[in-house]
Amino acid sequence: MPSPMTALVLALVGLPFAGAALVGVVGGAGRQRDALVVAASSATLVAAVALVPVASGVYPLHVSVPFLLAEATLTLDLFAHLLTVVVAFVWTCCAVHSLDYLRDDDDSSRFHVTALATLGATMGVVLAGDLVTLFLAFELMGLLAYLFVVHKRTGKAERAAAKYLVLTIASGFLLLAGVLLTFHIGGGDSLAPVPFQEDTSALRWLAAALLVLGFGVKAGMLPVHIWLPDAHSVAPSPASALLSGVLIKTGAYGILRTLYMLLVPAEGIDLSVDPSAAAGLVLLVVGLTGAIAGVAIALAQDDMKRMLAYSSISQIGFVIAGLGAAAYLTGDRSAAYGLSGSLYHIVNHALYKAALFLGAGAVLKNAGTTELRRLGGLWRSMPKTLTVMVVATAGITGLPLLNGFVSKSLLHHAVEAAEPVRLLGAIGPFEAAFVLAGGGTVAVLAKLLWMTFGGPANAGLKKVADASPRMLAGMVALSAAMLAIGWAPLVLLHSTITPAVQGFGLDPSVLVSYRQFTWEHAGFSLLALAMGAAIFALDARVDVSRARVPRWASIDYWYDRSIEAGLQVASLAGTRYEAHIVSTSRAIRSASASASLMRLRWRRARQRAIATIVEGSPDRHAAIVFQHISDVLEDDRVATVEHAVAHAEERQREAPACPGRGCDEYIDAVRDIVDYTAWRVRNDRIATATRMVRSDPERSLEAVEIALREAGDRTRETIIAAVHDLALRRMAGENVIPHMSTLVVRILHSEDFAGNIARTMPPGWHTQGPLGPSPTVQPDTSPSASPLPRTLGAWITDIVQLVVAAFTRERTDWGEDRPEQERIVTLRRVSNAVTRDLDLALSIMLVVLLAVLLAAR
Amino acid sequence: MSVHSNSLLSPALWAVLLPLAAACLSLLYGRLPRRGRFLLLGTAPVASALFAAILVRGVLAGSSHEIRLVRLMPDVYLSLRVDAAGALFGLSVAVLWSFIFVFSVGYLRDDRYAGRYHTFSMLCLAGLMGVAYAGDLITFLAFYELFSIMSYALIVHEGTSSAIAAARKYIVYIAAGGSLLVMGGALAFSASGAADFAAGGVLGPGTPPTTATGAALLLIAGFGVKAALFPLHGWVADAHPAAPAPFSAALSGVMVAAGTFGIVRVVYEVVGARWLAVLAIDRGLAAVAAFTAISAAVVAIKQDDLKRRLAYSTVSQMAYITLGASLLAPGPLTGALVHITNHASMKGCLFLCAGLLARNAGITRVSQMGGIARRFPVTMAAFTLSALALIGIPPLAGFVSKWVLGYGMLDAGAGGYLVVLLGGAALAAVYLLPVVRIAYLGEPSEEREGSLAPARPGNEAAPSMLAPIVALTAITALLGIAAFADGSALSLARLAAESLAGSR
């Protein structure tokens, strides 16, 4: 029986999924569904908050459920708990906002289902107690978010979504490799540091690099951020708020876990390179570069949401820089500044970036666009939205009395402490970059607000309504949270973040004595403000968004190029390979053609043998006549095939039955069909001729020639007329064998070869042979033979005659109205083929076995 | 190991005999009552599956048994034996076959030659069950040749020129492979004097190295034809599109896998891991498998014919299994064995979906699939899930295989092959996800929309075709989510790998 705490922890993950399922079942776009959406996300929030009194004092709380390979572990510690509350809160705000935002969207139910399921997955990421669970939840979250990006299904959205998916899956495989390696070196069962072992340090580095890169993709870390601006700007605004506010933060969270797990310095083992410091320095540089590059590119954007997206890249840069500083400074007291600043910033950024994106959503919904050039002067018509966005801007720029102030100050301390060299006495390159990025943030947000709300109203935007109450509710709630944190920033710091920092093994003493408001902090805030104003003024003069950067300078360009090149290589490989396959097919086909020729000869020999058994060998003269007749009939057959092919080629020239490459296929089909048909006709004629030769060799050659003259041309015409249609059917993939058989039967009926011959031959000749249309068992009339052998001989003759009759019936009495017959014949043909192949394999086997047995002797 | 006193009581025997009986029965297909015949014939695969499940339970409980059926020569018997690997493979075969049978009832409803199809299909099932439970190399080869050659009639079934050509190609490859197998088997037999499978191999340390090399190379190449190892895989891409969909599902799901199963038997129980390591054949085999895995996946990317694309995917996935088997350690072997089962479920479902689309909408090419998900929602949902599973997205079946394989590779000291494993998986995403994307987001073609009835619940396809697809998807999910459970495919594969590779 699970305790209430366990149940609540499970509910954090389970409730959203249950909600998603319910919403999916209810569907539609009614009030019922809307209520469900809000209820599910707020219930999760309530569960998270309800855990606060229950769980305090028992952290960390472990819950495990059997799942997948072994079990999934959820661990609720103080920081994870804080994150669950923040995530559920932001989610609820966005859910409320999205009800109105998606009112006219046909796919709104899909959005809500996706959102709730993603909430569950995100909770899984935050609560994950072991590396596999973290990976699983992270993958699930990333894949579900694909539906956010692709939601609008415009061409732009699909391209962005494709890029997102490629990077998500690629990062998933990087993560999987990293996770496997971590397990290999002895970790992963929990998120605690992996003890160092001799001779695994290379693998450890590799694992850390893979994990950081894998998480970094989702976080929007600099070189692998390329999906982010596209994806965030095409997703519906509430989804952008979630992507930017929450999802990319899980990437940063993953990086934090990786650093803690793999790179905390070893105790008692002396390493030449301190892994933590080295990795920290790299991350510090990557983070600060991202922070500056993000704002620089953001200034050049002409779309609200793209601007905000690049600003997110910049903000996540701050977070990563803080993590880097903390890792770099491990062992130093100031390391606590970095970690606490990052954690705090994660919370803060979730609040204000969500508010900003929701504001952008309100503008898009009511003014119809987010393009800055087409906006302006909305302060008059959308004052409430403006208010919320101003509060959020104050937050993100780090003004005093708002939440960003404290986290930025903490990060500033960390960067300052991590400064390797100091120029100009006080300010080093890191600190300079930090301040510059802060100034840039101010400029970006100022430009965004000014171009959207400031100035004169654009034509067409005169009668814009403000955000609806439900949309506003979400934004106001977020602003209220920002103001609350800003009013008493130390509450959160001391109650949650300091213990969390301690939990990560850092000395929190600097935080305990931390003073929120000092003139130094305020000074830097003002400095950033001043720099922002300067940049904004400069930007207004030299419109950066008009700046043309060469295409090769963007990472996007190289991404596109590499994808294209990859596909081209694949296509080339595929084509080459197929060509190769076709040539082997040809070889097999020609080999099998010669095999079937041999089969034909063998069959003829067998027929001759059967005839000989049944009737005794023909005399020499009859054999010569028979040979002549065979030649005449064979010539006729060849002529028929040649005629038909020539005819088909002519038809092809006049009116192609098929364009391009298919022409060869058409001629081939014609040849095959005529070949088969003419062959069947010829066989029948030969059977008739055989009977005739046996009864009267003298006159038969002449009789055959007469009969051919009478019926031959007409038959040829019939075949040629019918073959076109059959060839087309065959090319369409239809099975034409039954049609060909029908054709042959029709021809044999109409030409009446036997009848023609009968006219020139003495009456009654055709009843003498065993191959007549109605085989009759003739009593043996020879009186001289002894009774027993005679009976035996008669039996054998009878059986052979019946067998022969059964074989020839295929040719002689095949009515069109007897599909059963046809099926038997087809079945027999297939089984013949199978037996033949069995013969082949068996005979090879037997030969080999014999050889081996002989050799073994 | 106990020899059954009364071999007629062995479930293994019945699992093989029942399909044979059903094959005889389906000769009378046209004369049986319409409803009754499906129940009659369907009993065979379902009962085989039940017997296989009983055998799995027995193996999990620790018992194993062996029966001798017919004495062929002095010291040579047809014998059946049930071990963990065989039990797992047998259960996968029988379960997949049950679903395929149900699907084929709907798929072949208007086919005049359905009787012929069922006859040969049951013969194949009997052969495969025999392969799963074969106790020695001779029995293995006998059953193996049985289903290999009977498959010819199923590939040629539709009678189109491409089917005839594909079947011809198939039989040429398979007959050649079969003769290699017989030669290799004879060599191994003459060197060891015993044909029974034995953990650690039957070739003694005193065997001349040339004999051992010959036997190993011949047997591996012979099975490699069926297992679609480069460069012996030429028949795969032609045979799959030509065969009727239910049979291409079986072909991809378990028949190709029977080749890899044969390789596992050869590597661990005929030639023996020790000999392979001495002769360095294991490294060569691993390299070939790695190359096959990547190159087949690359070739699959640009295939427009859906079944052809899936066929190349099979070549690539089968190479993982061979790779796992060739590393000569229990870890990767576990991954390989469990991937046989997982792949059967995933790829079986994908081929059935492709068959359903081909039959009900006439769609065989990826480029024709635009927006088809609106018309076939259940089918495409199943396709999507199975595709995600095949790529290795957690928590579905494919992830379990990849995880166990990858983990095992690291343990076996062959971490470099991780690149192949994950690279192949990434390529799987490249060739499968566009199909899904086109089906959901592509623009439907006018002419197709005109020819198809509008989507309504219930008119997607016959229940007998949809049910197997849904069931296989559920199994795919279950094989992933419940992999931890006792008695799951994974636990059975662990057991099998331990007994095969643990005692070298």
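Chain A is the first sequence line, chain B the second, and so forth, proteins listed ahead of strands; every chain is numbered from 1.
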Using heavy-atom distances under 4.5 Å, tell me whether A/Phe138 contacts chain B through its side chain, its backbone, both, or neither. neither
Please flag which part of B/Ile391 lies under 4.5 Å from any non-hydrogen atom of chain A: side chain, backbone, both or neither. both
Less than 4.0 Å between a side-chain N and a carboxylate O, is that true for B/Asp238 and B/Arg308? yes
Out of B/Val299, B/Leu396, B/Val430, which one racks up the most heavy-atom pairs below 4.5 Å with chain A? B/Val299
Examine whether an atom of B/Tyr440 lies under 4.5 Å from a heavy atom of chain A, and if so say whether it belongs to the side chain, the backbone or both; otherwise answer neither. backbone
Parallel, tilted or perpendicular: which describes the rings of B/His157 and B/Tyr113, with under 30° parallel and over 60° perpendicular? perpendicular
Side chain / backbone / both / neither for A/Leu180 at chain B, heavy atoms under 4.5 Å: both
Side chain, backbone, both or neither: which part of B/Ile481 has a non-hydrogen atom closer than 4.5 Å to chain A? both
Between B/Arg309 (side chain only) and B/Lys302 (backbone N and O only), is there a donor and an acceptor less than 3.5 Å apart? no
Please look at B/Leu490 and chain A and tell me whether the side chain, the backbone, both or neither of the residue comes under 4.5 angstrom of a heavy atom of that chain. side chain
Centroid separation B/Trp403 to A/Phe135 less than 6.0 Å: no
Which atoms of B/Ala426 are under 4.5 Å from chain A, going by heavy atoms: the side chain, the backbone, both sets, or neither? both
ring-ring contact (aromatic ring centres under 6.0 Å, His included) between B/Tyr144 and B/Phe147: does it pass, once the steps are laid out? CA-CA 6 Å; B/Tyr144 185 85; B/Phe147 83 76; 5.4 Å; yes
Side-chain (A/Thr168) to main-chain (A/Leu143) donor-acceptor, under 3.5 angstrom: no
Would you check if B/Tyr170 and B/Val236 make a side-chain contact, meaning some heavy-atom pair closer than 4.5 Å? no
Under 4.5 Å from a heavy atom of chain B, the part of A/Leu165 involved: side chain
Residue part contacting chain A, namely of B/Val172, when any heavy atom lies under 4.5 Å: side chain
Of the backbone (N, CA, C, O) and the side chain (C-beta and beyond), which part of A/Ala570 lies under 4.5 Å from a heavy atom of chain B, both, or neither? both
Report which part of B/Leu422 has an atom under 4.5 Å of a heavy atom belonging to chain A: side chain, backbone, both, or neither. both
So does B/Gln303 get a backbone contact from the side chain of B/Tyr312, meaning a donor-acceptor N/O pair under 3.5 Å? no
Heavy-atom cut-off 4.5 Å, strictly under: side chain, backbone, both or neither for B/Val404 against chain A? side chain
What part of A/Val150 is in contact with chain B, defined as an atom under 4.5 angstrom from a non-hydrogen atom: side chain, backbone, both or neither? side chain
Do NZ/NE/NH1/NH2 and the carboxylate oxygens of B/Arg437 and A/Glu158 come within less than 4.0 Å? yes
